Amino acid sequence: MDPEAMRQCMSFGFSDKSKIAIGQYGNGFKTGTMRLGADVIVFSRHLNNMILTQSIGLLSYTFLMQTQHDRIVVPMVDYKFDSTGNLEILNDKEHFESNLSVLLRWSPYLSEAKLLEQAYMSILYLRIPESFRIILRGQVVKLHNIADELRYTEFILYRPHSGCSEEAITVTTIGFVKEAPEVNIHGFNVYHKNRLILPFWQVVNYSNSRGKGVVGILRADYLEPTHNKQDFEKSSLFQKLGLRLKQMTWDYWDNHCHLIGYCERRTGVPAASLNKRKTHGSIELHKMKRQAIEENFTVAGCDQNVLTTAFPTDQTVDREVIKLIQMNKKLLKQCLELEKAEKELNLKVTQLRSKIQKAQREYNRLLEVQSLELWEEKGGV
């Protein structure tokens, strides 16, 4: 869609269809997306008369409710590609900057560059198999692990209830986004069996900035996603997880907010009690990490170059675990490289066999031609 068609599509009540056609009221796209999720961001490009434009629009129920708008506001930004492939702003500067600031504040993108990269696809999966590719506009989407960019990272073990299966035990990676406290992004990316279900699930409505910039990543394979993979079924386990993540956010903020420039908060938790809880959690977390190594997978967010831990009481053991994880990653990488080399060699073998067969056919043909010429020279009948 060009910028005008995009604006018409995202406005309520506009329709250029006949009275008997589907879509005559001009509300289907808007109400349909709101049924699937509270917020939708639309990207569109249009080429006409050798002019390429790009438009980005945000339809956000969260934005409208939290800013208490009494009318529907749909911020949009429009670009045009010049002859060198660079982007030019189509809106006037003040209008563009106002809409862009709203887009960046109420979407998962932290900068205009990230917005133009459409980074959502890069976080859709925790891991991508070697044989799997996501291709967008002819380019392979590179996997992006948000946990790699978090600051002051901690890993927190959570059991939904006593007596639960090992599958229900989750390790949450939590930390500050690198742009904190300047950005309003916060929440948890919740994955189910490697696939992102809830992006930036906001479990707290922060007041006085409490919880601002805190982001977490976790796998919740024990929950049941909805049929459209946009949410989880509202079970008691899901409600308990939400409450635990809410408390986790506040606990993390209270103990770390001074690291990003806020005044240190006094939690009132006795030091002995806190150390006891951390030590117990440390033992459980080490078990989970070792299990991850043995089963050749990593818990959500732990696949980083440098791992930090919330449990300083057992640093020696944790260093050994980190060393094993890094060694496992190195061996896995070598294995993948060898598999790739094997595939390339097999392909070369196939190509060489094809060339040999082709050369053999050509050789046989030349022999036949030569025999025919000799036969004609001898005056064959």
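Values in this document were obtained by computation on a predicted structure and should not be read as measured data.
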Note to self: Using ring centroids (six-membered ring only for Trp), state whether Y222 and F232 fall under 6.0 Å.
What the structure shows: no
Item checked: Shortest non-hydrogen separation from H144 to I123 and the atoms involved -> O-CG2, 3.4 Å
Margin query: Using a 3.5 Å distance criterion without hydrogens, assess whether the side chain of N99 forms a donor-acceptor pair with backbone atoms of M76.
Written below: yes
Item checked: Under 3.5 Å: donor-acceptor pair, side chain of R353, backbone of K348 -> no
Note to self: Minimum heavy-atom separation for K193 and R219, please, with both atom names.
What the structure shows: CA-NH2, 4.2 Å
Item checked: Side-chain ion pair, E368 and R365, N-O less than 4.0 Å -> no
Next item on the list: Check for a donor-acceptor pair, side chain of D2 on one end and backbone N or O of T53 on the other, with a separation under 3.5 Å.
Entry: no
Checklist line | Nearest heavy atoms of I51 and K80, plus distance in Å | finding: CG2-CD, 3.8 Å
Notebook entry, point to check: Does atom CD of Q334 have more than 12 heavy-atom neighbours, drawn from other residues, nucleotides or ligands, at distances under 6.0 Å?
Noted result: yes
Next item on the list: Could you walk me through whether E154 and H256 pass the side-chain hydrogen bond (donor to acceptor under 3.5 Å, both in side chains) test, one step at a time?
Entry: CA-CA 11 Å; E154 289 192 358; H256 297 82; 2.8 Å; yes
Notebook entry, point to check: So does Y363 have more than 12 non-hydrogen atoms from other groups sitting under 6.0 Å from OH?
Noted result: no
Next item on the list: Please confirm whether the backbone N or O of F200 pairs with a side-chain atom of N189, one donor and one acceptor, at under 3.5 Å?
Entry: yes
Check: Checking H46 side chain against A5 main chain: does a donor-acceptor pair fall under 3.5 Å?
Finding: no
Next item on the list: Please say which of R7, Q54, H95 ends up in a side-chain hydrogen bond (donor to acceptor under 3.5 Å, both in side chains) with D78.
Entry: R7
Notebook entry, point to check: Sub-3.5 Å donor-acceptor pair from the side chain of D39 to the main-chain atoms of T62, do we have one?
Noted result: yes
Margin query: Are more than 12 heavy atoms, taken from residues, nucleotides or ligands other than K234, located less than 6.0 Å from that residue's NZ atom?
Written below: yes
Next item on the list: Compute the centroid of each ring, for Y252 and then for F176, and state whether the two points are separated by less than 6.0 Å.
Entry: yes
Notebook entry, point to check: Where is the tightest heavy-atom contact between D254 and R210, given as atom of each residue plus distance?
Noted result: OD2-NH2, 2.7 Å
Check: Any sub-3.5 Å donor-acceptor pair from T226's side-chain atoms to D231's backbone N or O?
Finding: yes
Item checked: Shortest non-hydrogen separation from L150 to V215 and the atoms involved -> CD1-O, 3.8 Å
